[in-house]
Amino acid sequence: MRKKILTIAGAFAMFALFSISTRLAAQEAGLQRYTASGCAACHGASGQGNNLGPRLAGSGQPLEAFIDYVRNPVWSMIAYPEETISDDDLDAIHAWLASVDMAPQRVGSAERGAMLYRRNGCYQCHANEGQGGAQGPRLGPNPITLTRFTWYSRHPARGMPPYAEAVMSDQDFADVHAFLAARPQPPSLEDLPQLRP
Amino acid sequence: MSDPTDPKPESLPRREFLKTGTLAGAAAIAGASTTADAQNSSAESRLAGQTGSTPIMTAETEATPPADVQVIAEDERGGSDFMVDVLKSLEFDYICSNPGSSFRGLHESIINYGGNEAPEFITCTHEESSVAMAHGYFKAEGKPLAVMAHGTVGLQHAAMAVYNAWCDRVPVYIILGNHSDAAMRRAAEWYHGVQDAADMVRDYTKWDDNPWSLGHFAESAVRAYKVAMTPPMAPVVLVLDGHLQEDPIKRDAAMHIPRLTIPVPPQGESGAVEEAARMLVDAEFPVLVADRCARTPRGMELLIELAETLQAAVLDRGSRLNFPTRHPLNQTHRYSNGPPAMNRPIISRADVILGLEVMDFWSTVNSLRDQLHRSYARVAQPDAKLISISTSDLYIRSNYQDFRRMQEVDLAIAADAEATLPSLIEAVNRLLTRGRRREIEARGAQLAEASRVADEQSRVAASYAWNASPISTARLCAELYSQIRDEDWSLVSSYYSDGGGWPRRLWDFDRSYQWLGHAGGGGIGYGAPASVGGALANRRHGRFSVAIQTDGDLMYAPGVLWTAAHHGIPLLSVMNNNRAYHMEVMHVQRMCNARNRGIDRGHVGSVITDPDIDYAKMVEGMGVYTEGPIDKPADLGPALARAIAVVKRGEPALVDVVTQVR
């Protein structure tokens, strides 16, 4: 009996491991499709949204509604027909978007991050305070998740130079991420007469 | 019958004059030198035994009878006087120059015979400044400036600025001095003599000539102006022989100056224009991309009319101010907080794209990824129809590659875009039915809302790092605009000093002189002199000229700010002093990344620190009012206010602001 129980438990464990690895593989495929399809241009590298498109990560939107919207968007979003991206691919993207923010985070040092941000030239494109500028987008405060920040920096989609492990470690990224998260929020526009329309 | 403008009859006396010039000069001062005899004798004894010393005046030389002293006869005038007549007929306001002996005849005629008015001689401290001033002046005024330089050393200094003007299709009227007759050259004129002076810039000028008579000069001078001002516009060169300038001519010699008639720019062929109109009217999402389209203020008015008729999105690539920055159909800055990315969201949605004098159509509809292995991808939809209206199809040169990558288009109209717009608008109006007009109204409303949101987002983006030190470029631009917005202002700075794109995101540009584009050829050192040139043009209109001046650019030829002080040219230069050639830091950093060598040394060779340059102190020594260096945001507003008061008095001022990178 005990042996039977162990066998069943093992089977469950194997199934669970298989399910996890399958889900992770699907999520990874989803991330790849998300990036390759150019979704990040309007919805951010982590699906966090930006000025062009809304947040997608963790939206809780049902898969069917998600696919329907991608096929028949309103206003400025480009329609993605079946020939461009399959339902399976959208399924993978949907799974990945649902998984964002689930990864455990390293703890970074904002003080060390400030030094690394400068030493590694991040400020060249993203300005001294990570506020962005003509050459690169704003990074902080409220940066994207550390996982996505690290992943994108290692595999940038456009003109950004890639930061390999030999140049910046995962801990380095955690520190820079902490620096960016610690940047002060801007004053309200109402308090800045210099920026009146 | 001999040609009265033929210089040959006058050449012999001039040669005699040159032979005897030294003696004549000595004789001229002999009467005043008797008391110097003892000193000369003493000096002569001290120099006894030395060889190769400078000859000194002696009693013997003073005793030499006066030689064949020559001054011009009452019934004569210098050939260069006639040249001034020609230049006046072309209505040049100014002639920018660093003085040089190869054009001393023309120089003297300008300041004496011509009364130093129209053209007025503007003293420059570098020939590159002369040409870049003319570059900036044209874009503010729509008229070319004349520039004088040595045919050799002067032109070599000027060459970079000539290339910038060429790439920007801006006319600059360049006059070079040269002594062609080798038998009559002074020693220095051998270094300054050249067989074919214009050769070194022929690849990036539109036309040049080396006139052999004054009649020839008159024709070539008028022809040069006409060629330079006919789109596609570009610099031209005239090489003036020294003798032609200096030899006398009879005052009553019959001299003819041809009448100047600027050709009407070519308009697009009517059938092709009709087809373009049909494609635009039928499009679901047409996009108008303008680059050098508005070569006059009328160009902007026409583009507004076309865009509003079609309710089409407009992207202004910025070589000129083609479209008001806050017009609801302007979608140029509809991008997320970051680089324009070639306006991907707009371009990728378009089904018809009309390029109006777009210098780089390929990168408008494609994207090149600058990684270790470069790659590119089309941004536009695969079946999007492309239409080009450009004078670049009318004229192209081989050696320098400023023509950019070839872009396949569906309809190429070789014509001047501004000249073609009226007929295109007319055709569009003819084809637009009432029903179609109703359909496209909704498109315009959506674009207007997107534009409003983008403006709001730009202001929010500018508020980040508001209190940081060094000062953010966004705050610099916001502080500056808040103090000049009620003036009749003109931003005369270049692409390299536009504060990271912030002015066109935050300021309300709606007049063509408010934005003067960029260098054209990417040659650093354009910004400061072009700003002074632009300010020179603005002065007569009472406009307030402001430049956002980068430090690396200013260090090429800072002496142009002395020119501004000397000639009373009001200009506020606000330093974007980021203490490095940051674009190059970024490039080296890219290499460091690609090669996995670490980035901590990527700045070596590209920073301008240790010591930090004190620009306020440097420019103060040239007679310019200065403030700074300022690195605390709270100090910036009051410093700008003080400097603005100085500029309003008619003087230049510089505020040195220590800023972040871009």
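All chains are named by letter (A, B, ...) in the order of the sequence lines, taking the proteins before the strands, and each is independently numbered beginning at 1. It should be emphasised that the depicted structure is a prediction, and the values quoted were computed from it without experimental measurement.
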Is the backbone N or O of A:Leu195 less than 3.5 Å from a side-chain atom of B:Arg459, with the two atoms forming a donor-acceptor pair by type? yes

For A:Leu189, is it the side chain, the backbone, both or neither that has a heavy atom under 4.5 Å from a heavy atom of chain B? side chain

When rounded to the nearest 0.5 angstrom, what distance separates CG in B:Leu636 from CD in A:Gln194? 9.0 Å

Side chain / backbone / both / neither for B:Ala462 at chain A, heavy atoms under 4.5 Å: both

If you count heavy-atom pairs under 4.5 Å with chain B, which of A:Cys125, A:Pro187, A:Ala127, A:Ala166 comes out on top? A:Pro187

Considering all heavy atoms of both residues, which atom of B:Tyr464 and which atom of A:Gly140 are nearest to each other, and what is their separation? CD2-O, 4.1 Å

Atom CD1 in B:Ile599, atom CG in A:Leu116: separation rounded to 0.5 Å? 10.5 Å

Looking at A:Glu190, I'd like to know if its CD atom is crowded, meaning that more than 12 non-hydrogen atoms belonging to other residues, nucleotides or ligands lie closer than 6.0 Å. no

Non-hydrogen atoms of chain A under 4.5 Å away: do they reach the side chain of B:Arg601, the backbone, both or neither? neither

Non-hydrogen side-chain atoms of B:Tyr481 and A:Arg196 separated by less than 4.5 Å: no

Looking only at B:Ala377, B:Pro470, B:Ala478, most heavy-atom pairs under 4.5 Å shared with chain A are made by B:Ala478

Looking only at heavy atoms, the pair that brings A:Asn120 and B:Gln589 closest together is O-NE2, 3.7 Å

Residue pair B:Asn596 / A:Ala164: nearest heavy atoms and the distance that separates them: OD1-CB, 3.1 Å

Portion of A:Met168 that has a non-hydrogen atom of chain B nearer than 4.5 angstrom: neither

Below 4.5 Å from any heavy atom of chain A, which atoms of B:Asp455 appear? Answer side chain, backbone, both or neither. neither

Minimum heavy-atom distance between A:Gln124 and B:Met586, given as atom pair plus value: OE1-N, 4.3 Å

Does some side-chain heavy atom of B:Gln371 sit less than 4.5 Å from a side-chain heavy atom of A:Pro162? yes

Under 4.5 Å heavy-atom distance to chain A, tell me which part of B:Arg369 shows up: side chain, backbone, both or neither. side chain

Around A:Glu111, counting heavy atoms of other residues, nucleotides and ligands shown, do more than 12 lie under 6.0 Å from its CD? no

Intermediate values then yes/no, side-chain hydrogen bond (donor to acceptor under 3.5 Å, both in side chains), A:Gln131 and B:Gln660: CA-CA 11 Å; A:Gln131 77 268 27; B:Gln660 297 187 27; 3.0 Å; yes

For chain A, which of B:Ser463, B:Ser482, B:Ala465, B:Gly637 has the most heavy-atom pairs under 4.5 Å? B:Ser463

Any non-hydrogen side-chain atom of B:His582 less than 4.5 Å from a side-chain atom of A:Tyr123? yes

